[in-house]
Protein chains: 2
Amino acid sequence: MENRLDQLKALKYFVAVVETGSFTKAAARFSVPPSSLSRRIADLESSLGSNLLKRSTRVVNLTEIGREYYNQVSKTITELENSNEVVRSYQAKPMGQLRISSMVGFGEKILLPLLDEFNNLYPDIILDVHLSDQLSTLGHDDVDVAIRGGYAPNERVIAQRLMGNQFLPAASASYLTRMGTPRNAMQLQDHKGLYYRTPTGPTAWLCDLDGQWQDVSAPAVAISNGGYWLIDKAIKGEGIIMLPRWILQPYLDRGELQLLDIHPPITTTQNPAFAIYLLYQKQRYHVPKVKAAVDFITTRVKHQYPY
Amino acid sequence: MENRLDQLKALKYFVAVVETGSFTKAAARFSVPPSSLSRRIADLESSLGSNLLKRSTRVVNLTEIGREYYNQVSKTITELENSNEVVRSYQAKPMGQLRISSMVGFGEKILLPLLDEFNNLYPDIILDVHLSDQLSTLGHDDVDVAIRGGYAPNERVIAQRLMGNQFLPAASASYLTRMGTPRNAMQLQDHKGLYYRTPTGPTAWLCDLDGQWQDVSAPAVAISNGGYWLIDKAIKGEGIIMLPRWILQPYLDRGELQLLDIHPPITTTQNPAFAIYLLYQKQRYHVPKVKAAVDFITTRVKHQYPY
DNA sequence: ATTCTTTATTGTCAAAATGACAATAATTAA
DNA sequence: TTAATTATTGTCATTTTGACAATAAAGAAT
């Protein structure tokens with residue numbers, strides 16, 4: 001009655017056909033003839049009593065129930081592969097390829113400098129760092145650890161807080177002597193603003209006035225997603241800029257910019273828990289290479305940037 | 001390199017051994033000799049490179065990593081079984097999204113009124129009705145059942161005849177008293193015609209005279225793809241109209257129009273089998289939602305419109 | 001419309017994996 | 001020490017899967 005069939009193999013074939021959209025391409029991935037996939041998937045369909053794929057000689061696409069099934073089993077299969085990897089790498093040393101995904105700015109400023117040291121510590125780990133501000137789903141992508149602003153996407157993923165990401169206002173000394181130093185949020189109307197454009201839009205200045213969030217943005221001098229161009233303008237005294245502390249810090253240290261102390265405080269998001277998080281799959285934490293990277297990054301970042 | 005092993009079966013054996021604490025008891029659960037479990041689990045351990053179980057002749061218990069592995073895969077296996085169950089139940093009960101494509105006129109007049117009842121009968125089927133006179137290819141489009149005039153496009157599609165679609169001549173009483181009632185096809189030359197324009201052109205009046213098809217159209221008063229406008233004109237007595245019976249019927253019932261009995265009979269197509277067909281794909285596995293819709297529509301239509 | 005090309009399926013046979021049954025080894029209880 | 005239970009192993013039969021050629025079908029090109 002029950003299946004006389006290697007269902008797992010059939011599922012791997014099925015998933016590959018869905019992802020490549022072709023029996024031939026999927027067969028190449030396993031180095032077997034397409035007929036094998038055709039047979040195994042036909043058996044799978046037979047055991048389920050359903051057509052999963054709509055085939056024609058040119059195009060293969062999913063049936064309604066096939067799509068549903070694919071969504072479920074593709075996740076299940078990667079989970080299983082993860083479990084296998086955990087066992088295989090049990091009591092093994094950190095090694096292999098490690099994919100890290102990070103926001104561009106954070107990657108360039110903070111992550112990559114750390115990774116040089118990581119490389120020395122774990123020479124058997126080959127790093128594959130991908131910098132992008134697009135959020136990836138982590139789990140469907142082949143990413144071991146990811147660094148993102150915001151919150152954890154779902155509960156299957158662990159989000160380890162790395163550092164705050166509050167945007168702070170800053171300006172150069174020349175600007176402040178010329179325009180005066182604002183102390184109150186309402187005074188900002190008479191100042192000039194340099195606005196950083198995130199992937200989700202420009203970052204307006206917000207202020208919690210008596211429990212009401214209000215936009216207290218100063219008139220704009222420039223808006224850009226090019227952070228350095230804006231910082232340059234700020235240093236030249238063209239306006240007030242709001243950026244995360246970890247970007248501002250070197251300029252503050254050199255005295256090129258100084259933080260503004262505004263009351264009530266202004267931010268760019270209504271959520272105070274806005275921060276940078278390190279994301280990884282819970283089950284993969286026991287894979288030595290992943291554990292090594294997670295532990296290394298969190299301890300180093302928290303030590304060097306304790307805010 | 002990769003496992004030449006039915007891992008899923010091995011996992012089921014493994015889980016059973018863990019849960020029963022015994023190879024023999026677990027083997028009984030599958031009705032196979034204990035040696036099978038022993039072999040499969042040994043293969044599994046070999047492919048993972050770790051011992052999962054600590055065996056002795058009296059007790060079987062888990063190693064540390066075996067426990068970790070068990071915790072993960074037991075959950076994964078039940079997830080997979082659930083997915084299988086979802087697909088199997090999809091085959092058992094009419095459910096899911098059902099896309100119906102129909103000609104506009106037929107859809108508005110006949111199909112949609114029926115579908116309200118269908119909705120009550122099968123609340124788990126979500127209908128998505130698309131009305132259009134463009135022929136869709138059915139199969140390339142995501143259409144489960146389609147209603148079209150004409151014939152079956154190819155043999156992978158089943159065409160179930162719903163009702164005749166012969167165009168019949170009709171006119172109002174006022175027209176006939178004024179212009180006379182034509183009995184012979186040749187007399188039509190002295191009458192007036194109202195012509196319905198199908199997507200493939202206006203529908204000329206044809207007649208089989210001694211084995212020769214001839215155009216016996218009356219001089220045109222109006223040509224349009226707007227059926228109601230033409231019917232209106234016919235009722236006002238402006239000419240003879242040819243339309244399918246299922247459109248004419250309500251006007252005949254109310255006495256606003258009456259059929260003409262012309263010899264030899266005139267039609268708009270040379271093929272006498274011209275009818276309205278319900279089309280659906282021949283599938284290897286029966287999809288209940290499709291079967292439900294096909295059966296429902298054919299029985300209802302044939303009962304209510306038995307011509 | 002017709003031909004050409006690509007691609008999935010099917011037939012047939014070989015190879016591999018799994019199951020069955022008996023025999024063996026090992027551990028624990030008596 | 002002995003007896004009994006139980007996992008493992010040897011050997012062979014069965015079943016499943018893979019390989020390769022041939023076929024059929026559908027889209028693309030002309």
Side-chain angles (χ1 to χ4, degrees), chain A residues 1-47 51-63 66, chain B residues 1-47 51-63 66 135-141 152-157 281-285:
Chain A
M1 186 80 178
E2 247 319 291
N3 56 72
R4 190 59 256 128
L5 156 73
D6 186 344
Q7 207 199 352
L8 188 61
K9 177 155 38 187
L11 285 174
K12 287 176 180 169
Y13 285 173
F14 169 62
V15 167
V17 168
V18 172
E19 288 174 353
T20 60
S22 152
F23 277 72
T24 312
K25 294 202 191 80
R29 189 186 276 189
F30 295 98
S31 311
V32 296
S35 56
S36 293
L37 308 211
S38 178
R39 285 240 159 72
R40 253 11 83 212
I41 293 176
D43 289 347
L44 175 65
E45 290 178 315
S46 158
S47 90
N51 280 105
L52 300 172
L53 298 171
K54 285 198 273 192
R55 310 128 150 98
S56 82
T57 49
R58 226 53 188 199
V59 189
V60 175
N61 40 4
L62 288 161
T63 62
Chain B
M1 185 79 182
E2 247 320 286
N3 57 71
R4 188 56 254 130
L5 155 75
D6 186 343
Q7 207 199 353
L8 190 60
K9 178 155 36 188
L11 284 174
K12 287 176 180 168
Y13 285 174
F14 169 64
V15 167
V17 169
V18 171
E19 289 174 352
T20 60
S22 153
F23 278 72
T24 312
K25 293 200 190 82
R29 190 186 278 189
F30 295 99
S31 310
V32 296
S35 58
S36 293
L37 309 212
S38 178
R39 284 236 160 75
R40 256 8 86 214
I41 293 177
D43 289 347
L44 175 65
E45 291 177 316
S46 154
S47 90
N51 279 100
L52 300 171
L53 298 170
K54 279 206 172 306
R55 306 127 150 100
S56 79
T57 46
R58 289 310 252 224
V59 271
V60 176
N61 35 10
L62 287 160
T63 63
L135 339 169
S136 68
T137 35
L138 189 86
H140 300 56
D141 293 312
N154 62 60
E155 74 223 2
R156 156 179 325 271
V157 170
Q281 284 200 314
K282 192 190 297 182
Q283 279 186 295
R284 213 184 311 224
Y285 305 101

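Computed over heavy atoms, backbone and side chain alike; hydrogens, waters and symmetry mates excluded. Order of the sequence lines sets the chain letters (A, B, ...), proteins ahead of strands, with each chain counted from 1.
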- Would you please confirm or rule out a distance under 4.0 Å between OP1 or OP2 of C/dG19 and any side-chain N or O of B/Tyr13? yes

- Look at the side chain of A/Val60 and decide which nucleotide, out of C/dA8, D/dC20, D/dT8, has an atom nearest to it. C/dA8

- Take the protein atom CG of A/Asp6 and the nucleotide atom P of C/dT18, then report the distance between them rounded to whole Å. 8 Å

- Query: Which one, D/dA19, C/dA20, D/dT17, comes nearest to the side chain of A/Ser35?
  - Reply: D/dA19

- Message: I'd like to know if A/Arg40 reaches the base of D/dG18 with its side chain, counting only an N/O donor and acceptor under 3.5 Å.
- Response: no

- Task: Using whole Å, report how far CG of A/Leu37 lies from P of D/dT17.
- Result: 13 Å

- Take atom CG of B/Leu53 and atom P of D/dT6, then tell me their distance rounded to the nearest Å. 16 Å

- Report which part of the nucleic acid A/Phe30 touches: base, sugar-phosphate, or nothing (heavy-atom distance under 4.0 Å, all strands). nothing

- Note on the structure: Considering only heavy side-chain atoms of A/Lys9, the closest of D/dT17, D/dA7, D/dA19 is D/dT17

- Message: Whether B/Thr24 contacts D/dA7 is assessed here as follows: a side-chain N or O lying under 4.0 Å from the phosphate OP1 or OP2. Is that the case?
- Response: yes

- Message: If the test is side-chain contact (heavy atoms from CB on, under 4.5 Å), which one of A/Val17, A/Val18, A/Leu44 qualifies with A/Leu52?
- Response: A/Leu44

- Of D/dA7, C/dT18, D/dA19, the nucleotide closest to the side chain of B/Phe23 is D/dA7

- Note on the structure: From CZ of A/Arg39 across to C1' of C/dA15 the rounded distance in Å is 15 Å

- When we call it a touch if two heavy atoms are under 4.0 Å apart, what does A/Ser36 touch: a base, just sugar-phosphate, or nothing? sugar-phosphate

- Message: If you compare every side-chain N and O of A/Ser22 against the phosphate oxygens of C/dA8 (OP1, OP2), does one of them come in below 4.0 Å?
- Response: yes

Check the interface with nucleotides 27-30 of chain C: list each N/O to N/O pair with the protein under 3.5 Å, or write none.
| from | atom 1 | to | atom 2 | distance (Å) |
| --- | --- | --- | --- | --- |
| C/dT27 | O4' | B/Thr57 | OG1 | 2.7 |
| C/dT27 | O2 | B/Thr57 | OG1 | 3.3 |

- Of A/Ser31 and B/Ser38, the one whose closest nucleotide on DNA chain D sits nearer the 5' end is B/Ser38

- Query: Does B/Ala16 offer a backbone N or O that forms a donor-acceptor pair with the side chain of B/Thr20 under 3.5 Å?
  - Reply: yes

- Whole angstrom is fine here: how far is it from CD1 in B/Ile41 over to P in D/dT6? 16 Å

